[in-house]
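Every number for a ligand or one of its atoms is a count from 1 in the order of the listing.
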Amino acid sequence: MNVLVLNSGSSSLKFQVIATDLEHIRRDADERLCRGYVERIGGEAIITLETRNAPRKKVTAPIRNISAALDYVLRWLASEQSGVSEIRSLSDVHAIGHRVVHGGELFRESAVVTDEVLKGIEDCIDLAPLHNPNNVKGILAAREAFGHGMPQVAVFDTAFHTSIPDKAYLYAMPYHLYARHRIRRYGFHGTSNRYVAYRYRMIRQLTKEQTNVVILHLGNGCSATAIRNGKSVDTSMGMTPLEGLVMGTRSGDLDPAILSLIATKEGLSTTEVEAMLNTQCGLLGISGVTNDMRVLLKELKEHDDRRIRLAIEIFCHRARKYIGALLASMGGADAVIFTGGIGENAPEIRSRICEGLEWTGLTIDAAQNDGIMSKEAMISTGDSRLQAWVIPTDEELLIARDTVRCILGEPHP
Ligand code: ADP
């Protein structure tokens, strides 16, 4: 089955085509046929296209909206130029899997998109006003392009965290605020967590019930999640992805009273303060230079700038603190796993985060850690009671696999 995986954002559309079916999944033999990224939708868009056997190509074109972006991608996909020999016309696309950010309390697992499911995703717009409307647009654009008969599946970022118990998901506020408005911790990066936990148990040959880990997903967005007996039991992101770790441009945890203080002192509305906390804070806000960890590490080496050093120190300190908190929350774990752009590619950040965690039983093997980028490996010493691992995430692959499983009515592992 050729599955088109779509991730529709406010001004971007990411896609991949993955050939997979139950046999591919069993043998771990799925094939990624192509991938691409349309950014700056709404103006002169930049389109990056990559096929298995061809070099990456970048072009620009005026693209109005997600629907036009999808049309562009589909025309390319079905053309000779794409070099995707498995897809000669749109009828060679057999199913579509969508990343959907918020499934609220409604969706505990991935679901085939019906009118009822679409309404459910729309009902969650209140919870994720920045994200869910774009996901809905992506689904409608695909319906328009392929017709109602094309099976579409929604894979939710929040679904994996629906196992978190109420003592961990409720905020200590008047209970009616939860009852009336569903204000609670939902957690995100669930698809990434599920994939990484799955890979860990495959590598270590464990059952789901034997999987007890803390996963640090460190990308542009960052989160830490406690997984006990294969299930999410606590996580750092909250009602929205703003809570928890220091991120590229998000503040993570802060005293909620700061919001009205900033609003008063800086003459901003609460909406403007919230936008600032999402886009101007984190690594970017502290360093004043960039949200890009790779650039920060390079600059630090070359100039030893105080604010850059501080940004990295605060980032690592918060992550270390969350490891401790989640270990306590879940009653101990067997491993800490790093994933995401920073987690997979920045050995220095991994070792800084783990510095001083020896009391937990975790000791990083410096030589082993230094050499690991973008591949699965254990990076703790052989005698560590708490192991450390790097496991690259692959959300698109899990979305493609869930799409196949949902369509065939197979249970989720
Ligand atoms: P997203 O959350 O948008 O999917 P990624 O998971 O790709 O983002 O992570 C992006 C982050 O990973 C950026 O801060 C980037 O600088 C960082 N990163 C990527 N490669 C490296 C590297 N070699 N060293 C340090 N940081 C890196």
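- Interface of Met373 with ligand 1, defined as ligand atoms under 4.0 Å from a residue heavy atom, comprises 23 (N).
- Comparing Asn220, Leu296, Thr393, Asn291 against atom 10 (C) of ligand 1, the shortest heavy-atom distance belongs to Asn220.
- Of all the listed residues (Arg294, Lys14, His189), Arg294 holds the heavy atom that lies closest to atom 26 (N) of ligand 1.
- Considering backbone and side-chain atoms together, Met293 places an N or O closer than 3.5 Å to an N or O of ligand 1.
- Side chain to side chain, Ser374 and Asn345 meet the donor-acceptor criterion of an N or O pair below 3.5 Å.
- Heavy-atom minimum distance, Thr240 versus Phe188: C-CE1, 3.3 Å.
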Side-chain donor-acceptor pairs of residues 106-113 under 3.5 Å, sequence neighbours excluded:
residue : atom : partner : partner atom : Å
Arg108  : NH2  : Thr162  : O            : 2.9
Ser110  : OG   : Asp402  : OD2          : 2.6

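- Heavy atoms of Gly221 approach ligand 1 to within less than 4.0 angstrom.
- Closer than 4.0 Å to atom 4 (O) of ligand 1 lies none of the heavy atoms of the protein.
- Taking the six-membered ring where tryptophan is involved, the planes of Trp389 and Tyr200 are perpendicular, since the angle between them exceeds 60° and thus also 30°.
- If you check the side chains of Ser384 and Thr381, you find a donor sitting under 3.5 Å from an acceptor.
- Cation-pi geometry between Arg184 and Tyr169 is met: under 6.0 angstrom from the ring centre, within 45 degrees of the axis.
- The option from Gly341, Ser192, Gly282 that lies nearest to atom 18 (N) of ligand 1, judged by heavy atoms, is Gly341.
- Here the shortest heavy-atom pairing between Arg401 and Asp30 reads NH2-OD1, 2.6 Å.
- At the top of the distance list for atom 11 (C) of ligand 1, counting protein heavy atoms only, stands Ile342 CG1, 3.8 Å.
- Looking from atom 15 (C) of ligand 1 to the surrounding protein, the closest heavy atom is Asp292 OD1, 3.5 Å.
- Nearest to atom 24 (N) of ligand 1 among the protein's heavy atoms is Asn345 O, 3.6 Å.
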